[in-house]
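Have a look at the structure below before the remarks.
Count residues from 1 along the sequence.
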Amino acid sequence: MNSPPGALITASAAELLGRLQERHGPVMFHQSGGCCDGSSPMCYPRADFLVGDRDVLLGVLDVGREGVPVWISGPQYQTWRHTQLVIDVVPGRGGGFSLEAPEGVRFLSRGRVFTDAEKALLQQVPVITGAAYERGERPSVRGEVVADNAPGACQPTRP
């Protein structure tokens, strides 16, 4: 059995992400935990964001041809490594630097706690850091698109 992906995306968020990819080319998410909506996943053109050597790749979302990498800062990963990140979209403005800001919606992340069995599987897979990614390491599975009512998904009215 493969380890579960560290990040998933809801259907609504995947649809928005697809539109953003059409406009901006390859994109990525980064969740820093810092100021300026740091607790929200920020969406950037891939070429516009420098991933740190200690940032951790949670996974690659199965959206678009190349997929969408989801990164988290090293310290945030240490705090949240027991959870799967579920990226959703809700009405309202988020961080001004994230690509969805002009759309009147914002990406939001929820956590789903991994089961004990999933945690055991994850412990067998090395973490991919920014430095390892630069050397060519990639995850073995992609984070799939899940139903908007999946565990961890937001329940408010859709935009």
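- Between V105 and V90 the shortest side-chain heavy-atom distance does not fall below 4.5 Å.
- The shortest side-chain heavy-atom distance between R81 and Q76 does not fall under the 4.5 Å cut-off.
- Residues W71 and V56 fail the side-chain proximity criterion, which asks for heavy atoms closer than 4.5 Å.
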Does the side-chain contact (heavy atoms from CB on, under 4.5 Å) test come out yes or no for F114 and L122, once each step is laid out? CA-CA 9 Å; F114 287 117; L122 287 167; 3.4 Å; yes
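- The hydrophobic cluster containing V51 also contains F97, counting ILVMFWY residues as joined when their side-chain heavy atoms lie under 4.5 angstrom apart, directly or transitively.
- Counting only heavy atoms from C-beta outward, the side chains of V145 and V63 approach each other to under 4.5 Å.
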Stepwise side-chain contact (heavy atoms from CB on, under 4.5 Å) test for I128 and E137: CA-CA 7 Å; I128 299 175; E137 292 184 37; 4.2 Å; yes
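- Put simply, the side chain of V70 does not reach to within 4.5 Å of the side chain of P41, judged on heavy atoms.
- L85 is listed as a side-chain neighbour of I87, based on a closest heavy-atom distance under 4.5 Å.
- Listed by first and then second residue, the salt bridge (Lys or Arg N to Asp or Glu O under 4.0 Å) pairs involving residues 5-19 are E15-R19, R19-E103 (not counting sequence neighbours).
- We find the CG-CD1 distance between D62 and I9 to be 10.5 Å, quoted to the nearest 0.5 Å.
- Taking NE2 from H30 and CG from L57, the interatomic distance works out to 10.5 Å, rounded to the nearest 0.5 Å.
- Heavy-atom neighbours of E134 CD from other residues, nucleotides or ligands within 6.0 Å: at or below the threshold of 12.
- Legend: residues meeting side chain to side chain contact (heavy atoms under 4.5 Å, CB included) with P75, ordered by chain and number and at least two apart, are S73.
- Atoms CG and CZ, on L58 and F29 in that order, are 11.5 Å from each other to the nearest 0.5 Å.
- Atom-to-atom distance recorded for L16:CG and R106:CZ is 13.0 Å, nearest 0.5 angstrom.
- Judged by distance alone, the side chains of Q31 and S109 do bring a donor and an acceptor atom under 3.5 Å apart.
- When all heavy atoms of R46 and G67 are compared, the closest pair comes out as NH2-O, 2.6 Å.
- The closest side-chain heavy-atom distance from H24 to C43 is not below 4.5 Å.
- L17 is connected to L99 through a chain of hydrophobic side-chain contacts under 4.5 Å among Ile, Leu, Val, Met, Phe, Trp and Tyr, so both are in one cluster.
- Partners of Y44 by ring pair (Phe, Tyr, Trp, His ring centres under 6.0 Å), not counting sequence neighbours, listed by chain and number: F49.
- For the atom pair CZ (R110) and CD (Q84), the distance works out to 14.5 Å, reported to the nearest 0.5 Å.
- Residues T129 and R54 form no side-chain contact, since every pair of their non-hydrogen atoms from C-beta on lies 4.5 Å or further apart.
- A distance of 8.5 Å separates CG of L121 from CG of N2, quoted to the nearest 0.5 Å.
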Determine, step by step, whether V89 and E100 satisfy the side-chain contact (heavy atoms from CB on, under 4.5 Å) criterion, reporting the C-alpha distance in whole Å, the side-chain angles of both residues, the deciding distance to 0.1 Å, and the verdict. CA-CA 9 Å; V89 63; E100 82 282 3; 5.7 Å; no
Go through the steps for R138 and V60 under the test side-chain contact (heavy atoms from CB on, under 4.5 Å), then give the verdict. CA-CA 9 Å; R138 299 296 184 270; V60 176; 5.8 Å; no
